[in-house]
Peer 1: 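Would you mind keeping the following structure in view while I ask a few things?
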Amino acid sequence: MSIQLYAIRLKKLYLAIALLSPIWIVIPVLIQKNGGHQYLVIFLGLVLLTLTGILAQIIARRKIELAVSDHAVNYEKLSILKNDIQSIKIDKSGIGITAIGFNLKTGKKIVLHLPNLNRNAEKGIAFIEKALPEVEFEAPVDLLE
């Protein structure tokens, strides 16, 4: 079984956010400096901030194929044996990214970051749950709570 998903490169995401931040900072300041109404400037800043976050995710994402065979879970160049997986933990962040953490019996943790855009993360979680029913799933953690 396999599924096509988008994954996030975290370094590229943070770099894109840093490089795009002048858009939502400078433009509203310039508009207010030139006589723009304060409420309009605040609204415009929030809209630009949202667009910056979405654009940064689009820039940082890459297509991957997540596959589960009889013996292993594979994505990109990584292969995790089913017998080595102790549990799977799902963490939802406030920046539109869900992390699927594979906790191995050796104590190592391998994390796959999926964007929430277009129900991408939900599809990945459902696929993993269906393909690995014998693995224990830890309760999802919402990092905003």
Peer 1: Could you measure the distance from the CG atom of L15 to the CG atom of L20? Nearest 0.5 Å is fine.
Peer 2: 9.0 Å
Peer 1: With side chains defined as the heavy atoms from C-beta onward, is the minimum distance between H113 and L10 less than 4.5 Å?
Peer 2: yes
Peer 1: When rounded to the nearest 0.5 angstrom, what is the spacing between CG in L44 and CD in Q32?
Peer 2: 11.0 Å
Peer 1: Would you please say whether a donor-acceptor pair under 3.5 Å links the side chains of E138 and N103?
Peer 2: yes
Peer 1: Determine whether V29 and F43 fall in the same hydrophobic cluster, where Ile, Leu, Val, Met, Phe, Trp and Tyr are linked whenever their side-chain heavy atoms lie under 4.5 Å apart.
Peer 2: no
Peer 1: Quick one: does any side-chain atom of K105 pair with a main-chain N or O of N83 as donor and acceptor, under 3.5 Å?
Peer 2: yes
Peer 1: Evaluate the side-chain proximity of Q86 to L104: yes if any heavy-atom separation is below 4.5 Å, no if none is.
Peer 2: no
Peer 1: Is the number of heavy atoms from other residues, nucleotides or ligands under 6.0 Å of Q4 CD greater than 12?
Peer 2: yes
Peer 1: Verify the cluster assignment for L78 and M1: are they in a single hydrophobic cluster under the rule of side-chain heavy atoms below 4.5 Å apart?
Peer 2: yes
Peer 1: Give, for atom OH of Y75 and atom CG of L112, the distance between the pair rounded to the nearest 0.5 Å.
Peer 2: 5.0 Å
Peer 1: How far does CZ of R61 sit from CG of L5, to the nearest 0.5 angstrom?
Peer 2: 11.5 Å
Peer 1: Would K89 and D91 count as a side-chain contact (heavy atoms from CB on, under 4.5 Å) here? Give the steps.
Peer 2: CA-CA 7 Å; K89 184 176 182 181; D91 295 322; 3.4 Å; yes
Peer 1: Could you check whether any side-chain heavy atom of P28 comes within less than 4.5 Å of a side-chain heavy atom of L48, counting everything from C-beta outward?
Peer 2: yes
Peer 1: Does a side-chain heavy-atom distance below 4.5 Å link I125 with I100?
Peer 2: yes
Peer 1: Any idea which heavy atoms bring F127 and L66 closest together, and the distance?
Peer 2: CE2-O, 3.6 Å
Peer 1: Are any non-hydrogen side-chain atoms of K82 and L132 less than 4.5 angstrom apart?
Peer 2: yes
Peer 1: Going by side-chain hydrogen bond (donor to acceptor under 3.5 Å, both in side chains), name the residues that satisfy it together with N120, two or more places apart in sequence or in a different chain.
Peer 2: none
Peer 1: List the residues meeting side-chain hydrogen bond (donor to acceptor under 3.5 Å, both in side chains) with R62, not counting sequence neighbours, and say none if there are none.
Peer 2: E76
Peer 1: Considering all heavy atoms of both residues, which atom of P115 and which atom of Y6 are nearest to each other, and what is their separation?
Peer 2: CD-O, 3.0 Å
Peer 1: In the single-linkage hydrophobic clustering (I, L, V, M, F, W, Y; side-chain heavy atoms under 4.5 Å), do L19 and I59 co-cluster?
Peer 2: no
Peer 1: Looking at side-chain heavy atoms only, is the closest gap between V68 and N74 below 4.5 Å?
Peer 2: no
Peer 1: Got a donor-acceptor contact below 3.5 angstrom from the K12 side chain to the Q57 backbone?
Peer 2: no
Peer 1: Do you reckon I85 sits in the same ILVMFWY cluster as L114, going by side-chain contacts under 4.5 Å, direct or chained?
Peer 2: yes
Peer 1: Rounded to the nearest 0.5 Å, what separation is found between the CD1 atom of I31 and the CG atom of L40?
Peer 2: 7.0 Å
Peer 1: Honestly curious: do I25 and L55 fall in one hydrophobic cluster under the side-chain, below-4.5 Å linking rule?
Peer 2: yes
Peer 1: What's the separation between atom CD1 in I128 and atom CD1 in I90, rounded to the nearest 0.5 Å?
Peer 2: 8.5 Å
Peer 1: What I'd like to find out is whether the side chain of K109 reaches to under 4.5 Å of the side chain of F102, using heavy atoms alone.
Peer 2: no
